[in-house]
Amino acid sequence: MRRNTHFYSEWLLIKKPLIEKLHPPFLLKKQHKYVLCSLICMLWLPWKQSYANTASLIPPDTYMEVQQRKITGLVLDEADQPIAGASIKEKGTTNGATTDGKGAFLLTVQQNAILEISYVGYISQTIILDESNEVRITMKPDNQSLEEVVITGFGLSQKKATMTGAIATIGAKDIARSSAPTVSGALVGKVAGLNTRQTDGRPGSSTQIRIRNMGNPLYVIDGIQSDVGQFNNLDFNDIESVSVLKDASASIYGVRAANGVIVVTTKKGSTNSKNTVSVSSYYGMQDNFKFVDPADAKTYVHNYVQGETLRGEQRSYSPEEYEKWMAGTEKGYQGFDWLDYIWKSAPQYYLNANFTGGSEKSNYYISVGRLQQDATIKNYGGFERTNAQMNVESRINERLKVGFRMNGRIEKRENPGVPGGDDYWLPRFAVLRNLPTRGPYANDNPLYPQRPGDDVQTNFAVLNYENSGRMVETWRNIQLQANAEYEIMPGLKAKMLGGYYFAARKFDNQEFTYNLYRYDPNSDTYPVDYTMSDPYRERIYGQVEEITSNIQLAYDKTFGGHSVNAILGMETIQRSDPEGRIVSRPTSNNLNLIGFDEFRSFDDRGNNTQARIGWMGRFNYNYEGKYLLELSGRYDGSWKYPPSDRWGFFPSASVGWRISEEKFWKDNSIHNLIDNLKIRGSYGLVGDDNVDGYNAFDYLPGYDYRNGASVIDGEYVIGTKPRGLPVTTLSWTKSTILDVGLDISMLKSRLTGELSFFHRKRDGLPAARYDVLLPSELGFLLPKENLNSDVNKGFDAAIRWADNINELNYSIGGNVTYARFYDWHQYDNRRSNSWDEYRNSIYQRFGYINWGLEAIGQFQSWEEIANYPIDNDQRGNTTLMPGDIKYKDINGDGVINDMDQRPIGYREDATPILNFGLNFAFNYKSFDLAFDFSGTALSSWYQRYEQAVPFQNNGNNPQFLFDDAWHLADVWDPNSEIIPGKFPMARLNQQDHSNYWNSTFWKRNVTYVKLRNLEFGYSLPKEWLNKAKISSVRVYVSGQNLFAISNVQGVDPEQQDQNGLGFPTMRMYNLGLNLQF
Amino acid sequence: MNRKTFYIAALTCTLLVNGCSNFLEQKPDTILPGDEVYEDPNLIKSVLANFYERLSRGLKPNTTDQYYDWGQRAGGDLYNYTTIDEAIKYDFDQVNSFDRNRWRVYDYEIVRNINQFLQGLNETTVLSETEKAPLIGEARLIRAWYYFNMCRSLGGMPLVGDEVFDYQPGDDVSALQIPRATEAETYDYIINECHTIAGLMSDQRTTNSARANKWTAKMLEARAALYAASLAKYNSQMASPIQTTGREVGIEASQSNSYYQQALDAATEVIEQSPYVLQDKHPDDKARNFYEAVSIKDGNTEVIWARDYIFPGQTHGFTTGNLPASLAQDANTSYLSVLLNLVEEFEPINTETPGVGSKFDVGALNGTPKFFETVNELFQQRDPRLGGTVIFPGALFGSSEVIYQAGQLNLENGQWVKREGAANSHDAQGNLITSVNGPVFNSALRLVNKTGFGIRKFLDETPGAGTIGRGSEVWEPRFRIAEAYLIAAEAAFELNGGSNAVALANINAVRARAGVQPLTMLTFENIVHERRVEFAFEDHRYWDMLRWRRAHLTWTGEQRNEKAGRRGLWAYRVVAPGSSENGKWAFEEKNMNFIYPNPLYFELRHYYSELDNSWLNNNPKLVRNPYQ
């Protein structure tokens, strides 16, 4: 009977009584109104299961059926592959059945029976039967099991056991254990093969992620190629799993996959599962993990006086004033702590509620979450984000399944609109730029902010909403996605996916005019000292629109020991991101609208439409799960290239051998030790259409509109410039990736591990030929060709031990990634001499060599300087004093200069070469504890500017730089004893001094270990909860970035700003709650 | 939904995405095919606008986004003003040598682009021949201006002509290699081009002098001829002339007279026939008059060619960067401090030796200072052009007085003792010690004056012009009618000696407008002096010193050479209650070596820029410059 009803009738059957209760009867008189109402119910009310279990709402005729009934069912894995041999039991009886090769079973049970389904490697399920006699059960894999299914994109999934590519995965539970505001932060230290670094910790910021240091990866969310912002701003409670495609298995993504692919799958409901409501929430405080500690007034004045003594000219402080500063008690001489004035602890909170469940034919997952992170700068706003996720799947009939996913979010960043491009710069800079001897207010009267020093912008007293304006940036994004899957014949399926993404950006920034004052003690007045008279308003309206489609045919068949899986598909992606930017000079601080008379400029960025098409195919074969083979390829086209060079083919192949499946292994006692061992290798070609040296449409001749402009005839005329020679000789940049590795599991799967070695070579990086020399007087450059290459190689590994001691379950895991970049073949490698080759060649060498002098100590005395044979400062050692840095004369020519530089460090502005993580989890009765360490090595930080040069920019320095410096015993007497320290003597105005040359003294090779996450939870006993009809309650405390062991002083080891003023990462302490109904 | 429905849906989707076979054919937002450009007069003008922007700055060799200026200009990098004896910046600079490549002009892309433009104009039918002529003139003038700027920095360089070169892989490259022309040939090319195109162009004034006309061409002709003439004469007079064997650098002495004659003829034609006249609108306030003649475009009669600015659209930050701190409108102030070297060059009005500058007599501050009733009387007795060029202590900007006060002069035990403080410091009685404007000693302290003088020329009085958001609309003059007079005077002097009437009449025309005494007898030093004060900060001084081959003699790098060192003059207010001098002013000359430790040092190698190695590699027919 139900077969013949329309789709919505299934709803009405259950919802009708409810609808009649909720709505006036007239609404229901016509058929289409039923549709309307049921749609409303679909959207607003949880699914039918909850009502189905409410006796009063079930149509009475369902009670009239016989007491025994026959149940037919299907047991499937997450990829909808049948599970053979699963056992089905009627609860409380011995009645049971086993699934056949198609995953089907037949069982006769009591009317109100409860079914228990179990299969090794999967989480057992309990199903309460409803009125239907057909059930469809989706089994979820048990975490860490070999049966785990790795989803690598739309329609692409594989069992972990028979996977041959280097693919790392991380599940929901491990992701959720983080309080980072963005997803990238949750992956740090948990996945082998990722290099990470968070160089900026402002609200809403994310962590830089590189797969094996290969550059920007491609992100794929629920089968749709997305950008890094879409990835980072998912609510990570909505993420089911993240897979990282590290090798040529990425070739299925073709033209954008050369740097690896990160595949995200969001949660969905399971069929035949009960409705669950989960609420997770935390509230916490954040502090700067570590930020510059500026010298206090006493230290500053003391050292400034010493600086003037050493310089030997004019004095700024008289001895009387100096004494007052040293005493620090008299008004006006107490000093001011800018760090304390600007920075504070700030809250972060998070709340997510999700609803999930499923009937026999449909399942759903609906989630709403909200995150708010305040800045640790006083009254400085922050970041907030609201996410909504809705995933619905429905089986229309035996053959057809449709699904719909919606992911929406609103992101908002708000802070005072302060001068300069980066609104978070001035509060950081102010900490060192302002002197501790001068406070923010004239005569300490908080009504009158004063000039803090010679820079009028750095007074934090005006960097707030009231005085300097407001910046609000909002992103409103929605990703809609529909998919369908149709079984044409057994084993052959057709799949379709359509995605539409729309993001709207509104950026609104107003900077006010304001006054600074001074105090006139004679008249006791506060005259205006400075007026900032440049009002500014900037508004950006932008949008991103992306349309994706993906069509596939998938064939899956097992005959005998042969398993075959083949996929053929096609994908199209089109993206455009038009944007308009208006800048005006508002007539008043209080005006919010932009008028034409205030217009300063308008900038229309254009559509920037991108388009890509790809045909893809993949073929998997395995024989008895022992011999594994995968072939995949993609034929991809990108709009960037000329029609003749637009298409590229990217094939890859991988093989695997599970030795542990061989009979000789299974029969041997070694099987007890090593129960799974797989050796795998892959090799393939992937593309990259986004490399330096070629822009879209470079193949076109003609003219560039909007290039330059000038004022002629009294009006502003936008310029048009002839383009250079069209680039027609450039084609694909091709990456070949080789990966060899093994997966192992030992001691009854308690110890698992994986290890991969990889080598990626990119060929065809754009460069110009040198052997064709075009005279520069022709006025154009030789077009670039695919000539150079580079290499990334290294290894990554993960190991994990999981076991229990009585009721204590625990796991300990570790992972490491070593990925090094090399410049490889260079078309132009002519060098005029061996020094030139040593210094300038990048042919087959480590990339980004960091050059500098080698510091070999410090001068200890005047005699040592006088007798020193080497010209250490290029001034005949006349500028040296005890404590100054001594350099190694590498070439032995008696003078220290650039010729004495040697490689002294690693790359400074990228993710480190070595990343590692350690993960611990313990569970005892109702208590759980988990923590992760993460660390890096082999990257460099150049301690410079404010972090090294005393009184840089006429400002202040970190306290440690003065405390630990060589200094005079009597700061007023240049001839007094010089007392040793660590840093050179603090001189005034000597930023060019030899002490501050680029050397190993200041350039550090950074190593650190951070306690990244810690979570300690307690689940309330079930007995307490049953009365309240709550299935579980867990409370926890958690922390992030709690401490670090590091070899850099005074700054966050992850930051990269040479002046140490990068926005630090946050240390967080949270109190959290998980509830489940 | 059944199988049929699914297939229909699948088919529809496939057709939707694949239906248009040109899915990958996206339309670029800003790329226009060539023919589209020449079908629309507005786009033709747009191409011209691109050239006008590019004629004062270019890309640095081997970069794609770093630009350098072709010389000093208000809208450019202010550091350009600090490289000679006119001004310094506010913080420490250890520069110890000229950068011979700083203003090296080498940008053949603009030549190629202009030649493409000329080709496009030739072919287009949307314009009549009479409409085309002035556009062709403008494009060729910009090309000649480019060659002139290149030649003054590099000497003779390859002359490409009108050809638009192309290259296909496999083409014979050697056919494309053009050797350097001689320096004389290059100047001849510029002079001839200007001579020819003058006939194509309008003789009417253009809006704010932004577009080139006949008189622009004539001025460039006169200036190029004058440069060539003086190079021919003075280079040959050197002990060892700077030249290459092929004369890519170095013009024969014998050619100097004919070049002087060409310069004189062209300049005279501009003076006699052009609509431009020396501007004398405020005979009672000559300082104001000079400021307006140079810096104000409304009703200006003097400027022949300039780069124009307008708000909204294109403005520059010269005013923002250089307003005195007390008048600052935005975060930047006081970048340039004008040197005493320049200030004392402005002659006293009542001097007995007109035509040369003189030092200020201020006594000795720590012994017997000279006292002055007002802070500005010393400067008001000088050539009024000083007031239009420099902000001196006590000068008015708009209606505000600008105070440059280094400190107080106090009387202690019968001795005069100076007292200096931080910027904007006051004593216990509330008397100012050191002005918010400076000058102050601290060499690292930015945003405050260092010499006691600020810059007035090009500084904008318009409200809001000193903000980063609005910026200034003040133009950058390239040619003024005053230059025509001084070119005529110099050429006539060189041709006929010091007392000839033509030379005197021309230089005295400028001096009369300025408000200083006429000369009765002309010396070469008078010409050097006149050009220095008239054209301060207008990108003449450096090139003049080069073409006269005086740079290495003046900027010798010696500490004891006053002309090579950088100096300031600091004002102190007498605060000595009870003394008869109380409230008066005293001055002290101050060496700027605390902030610029190295005197200006110009060596012979600096007379010409180097040819970049990459150009030499690409074209083996190029020869190097001397001292390279």
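Below, chain A is the first sequence line, B the second, and so on; all start at residue 1.
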Q: If you measure from CG on B/N42 to CD1 on A/I718, what distance do you get to the nearest 0.5 Å?
A: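 Rounded to the nearest 0.5 Å, the CG-CD1 separation comes to 12.0 Å.
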
Q: Would you find more than 12 non-hydrogen atoms of other residues, nucleotides or ligands less than 6.0 Å from A/R830 atom CZ?
A: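 Yes, because the 6.0 Å sphere around CZ of A/R830 holds more than 12 heavy atoms from other groups.
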
Q: Does the B/Q94 side chain pair with the main chain of A/D992, one donor and one acceptor, at a distance under 3.5 Å?
A: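 A pair under 3.5 Å: no.
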
Q: Heavy-atom pairs under 4.5 Å with chain B - which of A/S576, A/G955, A/G606 has more of them than the others?
A: A/G606

Q: Go through the atoms of B/Y90 and report whether side chain, backbone, both or neither lie under 4.5 Å from a heavy atom of chain A.
A: neither

Q: Non-hydrogen atoms of chain A under 4.5 Å away: do they reach the side chain of B/A422, the backbone, both or neither?
A: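 Looking at B/A422, nothing touches chain A.
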
Q: Checking heavy atoms, do the side chain of B/L622, its backbone, both or neither come under 4.5 Å from chain A?
A: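 Contact with chain A: side chain only.
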
Q: Name the region of A/P521, side chain, backbone, both or neither, that has any atom closer than 4.5 Å to a heavy atom of chain B.
A: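 Neither part; nothing is under 4.5 Å.
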
Q: Output the option from B/P463, B/P312, B/S209, B/A49 having the highest count of non-hydrogen pairs under 4.5 Å with chain A.
A: B/A49

Q: Picking from A/F697, A/W639, A/Y705, what satisfies side chain to side chain contact (heavy atoms under 4.5 Å, CB included) with B/P28?
A: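 Passing option: A/F697.
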
Q: B/F165 versus A/F780: any side-chain heavy-atom pair under 4.5 Å?
A: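 Yes. Closest side-chain heavy atoms under 4.5 Å.
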
Q: Could you have a look at A/T609, A/L781, A/V456 and say which one has the most heavy-atom pairs with chain B under 4.5 angstrom?
A: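 Option with the top pair count is A/T609.
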
Q: What option among A/G719, A/P535, A/A696 has the most heavy-atom pairs under 4.5 Å with chain B?
A: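 Heavy-atom pairs under 4.5 Å are most numerous for A/G719.
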
Q: Give a yes or no on whether the backbone of A/D534 and the side-chain of B/D330 come within a donor-acceptor separation of less than 3.5 Å.
A: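 Side chain of B/D330 to backbone of A/D534: no pair is present.
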
Q: With a 4.5 Å cut-off on side-chain heavy atoms, are A/R518 and B/N424 touching?
A: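 Heavy-atom side-chain distance check passes, below 4.5 Å.
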
Q: If you count heavy-atom pairs within less than 4.5 Å of chain B, which of A/R451, A/M532, A/R723 leads?
A: A/R723

Q: Output, in order, the C-alpha distance, side-chain angles, deciding distance and verdict of side-chain contact (heavy atoms from CB on, under 4.5 Å) for A/V772 and B/Y167.
A: CA-CA 11 Å; A/V772 177; B/Y167 171 78; 3.2 Å; yes

Q: Taking all heavy atoms of A/S776 and all of B/S614, pick out the closest pair and write down the distance.
A: OG-O, 4.3 Å

Q: Counting heavy-atom pairs under 4.5 Å with chain B, which one of A/I573, A/T729, A/D604 comes out on top?
A: A/I573

Q: Quick check on B/F92 against chain A: is it the side chain, the backbone, both or neither that has a heavy atom closer than 4.5 Å?
A: side chain

Q: For the rings on A/Y703 and B/F117, is their centre-to-centre separation under 6.0 Å?
A: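 No.
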
Q: Out of curiosity, A/N522 CG to B/N431 CG, how far, rounded to the nearest 0.5 Å?
A: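 CG of B/N431 is found 8.0 Å from CG of A/N522.
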
Q: Test side-chain contact (heavy atoms from CB on, under 4.5 Å) on B/D166 and A/L725; report intermediate values, then the result.
A: CA-CA 8 Å; B/D166 207 349; A/L725 278 200; 3.6 Å; yes

Q: Between the side chain of B/E53 and the main-chain N/O of A/S710, is any donor-acceptor distance below 3.5 Å?
A: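 No, B/E53 side chain to A/S710 backbone: no donor-acceptor pair under 3.5 Å.
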
Q: Tell me, with the steps shown, if B/F311 and A/R585 meet side-chain contact (heavy atoms from CB on, under 4.5 Å).
A: CA-CA 11 Å; B/F311 178 84; A/R585 275 173 67 83; 3.7 Å; yes

Q: Applying salt bridge (Lys or Arg N to Asp or Glu O under 4.0 Å) to B/K45 and A/E715, what does each step give before you reach the verdict?
A: CA-CA 12 Å; B/K45 188 170 164 180; A/E715 45 187 47; 3.5 Å; yes

Q: Under 4.5 Å heavy-atom distance to chain A, tell me which part of B/K27 shows up: side chain, backbone, both or neither.
A: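 Just its backbone gets close to chain A.
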
Q: Looking at every heavy atom in both A/G714 and B/D308, which two are closest together, and how far apart are they?
A: CA-OD2, 4.3 Å

Q: Between B/A423 and chain A, with a heavy-atom cut-off of 4.5 Å, which part of the residue counts as in contact: side chain, backbone, both or neither?
A: neither

Q: Is it the case that over 12 heavy atoms from other parts of the model lie below 6.0 angstrom from the CG atom of A/D692?
A: no

Q: Does the side chain of A/K721 come within less than 4.5 Å of B/N113's, by heavy atoms?
A: yes

Q: Looking at B/L445, B/N208, B/V37, B/L447, which one has more heavy-atom pairs under 4.5 Å with chain A than the rest?
A: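 Highest number of heavy-atom pairs under 4.5 Å: B/L445.
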
Q: Flag the one option from B/E109, B/E36, B/H426 with the top tally of heavy-atom pairs under 4.5 Å to chain A.
A: B/E109

Q: For B/N618 and A/L774: C-alpha separation, side-chain torsions, deciding distance, then whether side-chain contact (heavy atoms from CB on, under 4.5 Å) applies.
A: CA-CA 6 Å; B/N618 288 342; A/L774 287 186; 5.9 Å; no

Q: Picking from B/P620, B/G464, B/A210, which has the most non-hydrogen pairs under 4.5 angstrom with chain A?
A: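 It is B/A210.
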
Q: Just checking, is any N or O donor in the side chain of B/S46 or A/R706 under 3.5 Å from an acceptor N or O on the other one?
A: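 No - no donor-acceptor pair under 3.5 Å links their side chains.
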
Q: Count the heavy-atom pairs under 4.5 Å between each of B/G430, B/A331, B/G34 and chain A, then report the option with the highest count.
A: B/A331

Q: Check the side chains of B/T207 and A/D713 for a donor-acceptor pair under 3.5 angstrom, ignoring hydrogens and angles.
A: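 There is no such pair (donor and acceptor under 3.5 Å, judged by atom type) between the side chains of A/D713 and B/T207.
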
Q: What is the distance from atom OG of B/S326 to atom CG of A/D529, rounded to the nearest 0.5 Å?
A: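 CG of A/D529 is found 10.0 Å from OG of B/S326.
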
Q: What distance separates B/R112 CZ from A/L778 CG, expressed to the nearest 0.5 Å?
A: 8.0 Å

Q: Provide the closest heavy-atom pair for B/R307 versus A/A709 in the form atom of the first, atom of the second, distance.
A: NH2-O, 4.1 Å

Q: As a quick check of understanding, evaluate salt bridge (Lys or Arg N to Asp or Glu O under 4.0 Å) for A/R646 and B/E25, giving each step before the final call.
A: CA-CA 10 Å; A/R646 201 164 259 172; B/E25 291 293 335; 2.8 Å; yes

Q: Please examine the side chains of B/N50 and A/T720, heavy atoms only from C-beta on, and report whether any two atoms are closer than 4.5 Å.
A: no

Q: Drop me the distance from B/F51's CZ to A/I712's CD1, to the nearest 0.5 angstrom.
A: 11.0 Å

Q: Determine whether B/L24 and A/Y641 make a side-chain contact, defined as any pair of heavy atoms from C-beta on separated by less than 4.5 Å.
A: no

Q: List the atom of A/D704, the atom of B/I31, and the distance in Å for their closest heavy-atom pair.
A: OD1-CG1, 3.7 Å

Q: Quick one: CD on B/E420 to OG on A/S316, what's the gap to the nearest 0.5 Å?
A: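 If we round to the nearest 0.5 Å, B/E420:CD and A/S316:OG are 10.0 Å apart.
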
Q: Using distance alone, with no hydrogens and no angle criterion, decide if B/N619 and A/E777 have a side-chain donor and acceptor under 3.5 Å apart.
A: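 A donor-acceptor contact under 3.5 Å links the two side chains.
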
Q: Examine distances only and state if a side-chain atom of A/R600 and a backbone atom of B/R470 form a donor-acceptor pair shorter than 3.5 Å.
A: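 No, because the side chain of A/R600 does not come within donor-acceptor range (under 3.5 Å) of the backbone of B/R470.
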
Q: Please look at B/V436 and chain A and tell me whether the side chain, the backbone, both or neither of the residue comes under 4.5 angstrom of a heavy atom of that chain.
A: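 Side chain of B/V436 only, per the 4.5 Å heavy-atom cut-off to chain A.
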
Q: Under a 4.5 Å cutoff for heavy-atom pairs, which residue among A/L782, A/V711, A/T513, A/V583 has the most contacts with chain B?
A: A/V711

Q: Check whether B/V47 gets within reach of chain A through its side chain, its backbone, both or neither, counting any heavy atom under 4.5 Å.
A: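 Backbone plus side chain of B/V47, per the 4.5 Å heavy-atom cut-off to chain A.
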
